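Written below as structure tokens is the structure these notes are about.
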Amino acid sequence: MTDKKYCLILAAGDGKRMKSDKPKALAEVLFRPMIDWVLNSAERAGMDDIAVVVGSKKELLKAHLAKRGEYKTYTQTERRGTAHAVMMAKEFIKAAADDNADLFIAYADAPFTSSAVMLDSLAVHKSEDNDITVISANVPNPFGYGRIVRENGAFSAIVEEKDCTAQQRAITEINSGLYWFKPAKLLKCLDRISNDNANGEYYLTDAAALLAKRGVYVSEDDSVVLGANSRAQLADLNRMARDRVLERLLDEGAEIPLDDGIIITDEVVVGKDTVILPNTIIKGKTTIGAGCTIGPNSYIEDCVIGDNVKLNNVQAFKSSVDDDATVGPFVHLRAGTHLHNGVKIGDFVEVKNSEIGTKTSIAHLTYVGDSDVGKDVNFGCGCVTANYDGIDKFRTVIGDHAFIGCNTNLIAPVTVGENATTAAGSTITKDVPPDSLAVERGTTRIKENWEKNHRRIKKA
Ligand code: UD1
Ligand code: CA
């Protein structure tokens, strides 16, 4: 054997118990398809080649894989069991054998497989010179899993729930569905696996009894064996994954007084003394600084947030918010938004693809899109940058210290110079030079005593 490692992931199953139109491998734990968890660990473990057996709803799965990277796929047209699925990838197993590699087989519906467990079990597999090394764990509720059967202490076979005797059913050590194989040995025994069992399927687990040198690696972390066959099990995995992230964040100094409705994904970084309030979802590649208050009721995805920032009832995507900014309530920060230090964004404001300069204030009922706004600018209530003419999008540029009066429409492309003011209610279609006032407004006409003859007053 060389130090080469190949990995085969089985993902052809129907996932009938999920009652979904998606393949089970794409069911999500913490917003990430289960197969991605397995692929991430396999890649972290440094697998030299990775292949996936697809079958049920394979177009969706293949499209997903293609978005991620280049993976070999093998198709299993009928669901005839895990060993049958492996047979579909014979070419891959042969290549592993030719390369003198070890072969790791994993199931796509068990997301908590870690790279550490992959590598630790490989060390055991190699040192014991096994044909097969099964990763097992002891769990409180083994129902539904294959049991690790030992005779006089020596591992003899894996028996599926449905095929267990009453005595075997009491065994709490279960098969994770993760194995290291010597590929040449696996190839030889695949044809000897029969479908003589309660399900009439070809079980990969039968390889354990057929191969001469079999070993078990008992994982101390029993979560690595947990799989999701149903929505209820998927919800359990979601809870476990979520709690793990929250525990890590608490350890790192975040403050989560109550975790109701809080979901944070595992790549997220949160600084010390940052408080996260209920009903807040933080996803993707998001970094949050120290001393912030995030939430309640916020949704933050792929954002970079500085220190001492307040986000209250905010939806933010692919944006950055610098130190001391205050945002909310009821604010939508769309992709490409950058709020500089000390910016204040108030209620019912949407900002898209814009730079908002230091200490600028956009306090109420305003849309700013495709704009470059300087520092210390004040927007009155109800301003709109009209950035789209139905065909193209244009930018609005606003200089430092400008004052945008209430209900100003800025028809882009347009520039408001430094220190300039737009009068309330103006629709600005021309560039406004620095230090000037732009007014675009009808004259107010007064008709005196008009109300005296008005029906409304007469009636009263
Ligand atoms: C399997 C194991 C069981 C183990 C458990 C761990 C077998 C026979 N049993 O049971 O010992 O405790 O996983 O979670 O292996 N698949 C295919 N083609 C098929 C059938 C399945 O690709 O024809 C794939 C599925 O997509 C899935 C994986 O293989 O990713 C496991 O299949 P599943 O039906 O979920 O097996 P379990 O009953 O969970
Ligand atoms: Ca399963």
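Counting convention: from 1, in listed order, for ligands and their atoms alike. No experiment lies behind these values; they were computed from the predicted model shown. Along the sequence shown, the residues carry numbers beginning at 1.
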How close do Met34 and Pro111 get, heavy atom to heavy atom, and via which atoms?
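Between these two residues, the closest heavy atoms are SD-CD, 3.8 Å.
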
Indicate yes or no: does [X] engage [Y] in a salt bridge with an N to O separation below 4.0 Å.
X	Y	value
Lys285	Glu301	no
Lys272	Asp307	no
Lys182	Asp102	no
Asp131	Lys185	yes
Asp266	Arg32	yes

Mind counting the protein N, O or S atoms sitting less than 3.0 Å from the Ca ion (ligand 2)?
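Counting protein N, O and S atoms closer than 3.0 Å to the Ca ion (ligand 2) gives 2.
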
Mind checking what residues have non-hydrogen atoms under 4.0 angstrom from ligand 1?
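Near ligand 1, by chain and number: Leu10, Ala11, Ala12, Gly13, Lys24, Gln76, Arg79, Arg80, Gly81, Thr82, Ala85, Tyr107, Ala108, Asp109, Tyr145, Gly146, Glu160, Asn175, Ser176, Tyr203, Thr205, Asn229.
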
List the residues meeting side chain to side chain contact (heavy atoms under 4.5 Å, CB included) with Pro140, not counting sequence neighbours, and say none if there are none.
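Side chain to side chain contact (heavy atoms under 4.5 Å, CB included) list for Pro140, sorted by chain: Asp222.
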
Supply the atom-to-atom distance Glu355 CD to Thr358 OG1, rounded to the nearest 0.5 angstrom.
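One finds 10.0 Å between CD of Glu355 and OG1 of Thr358.
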
Sequence-distant partners of Asp99, salt bridge (charged side-chain N to carboxylate O under 4.0 Å, His left out), two or more places apart:
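By the salt bridge (charged side-chain N to carboxylate O under 4.0 Å, His left out) rule, Asp99 matches Lys4.
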
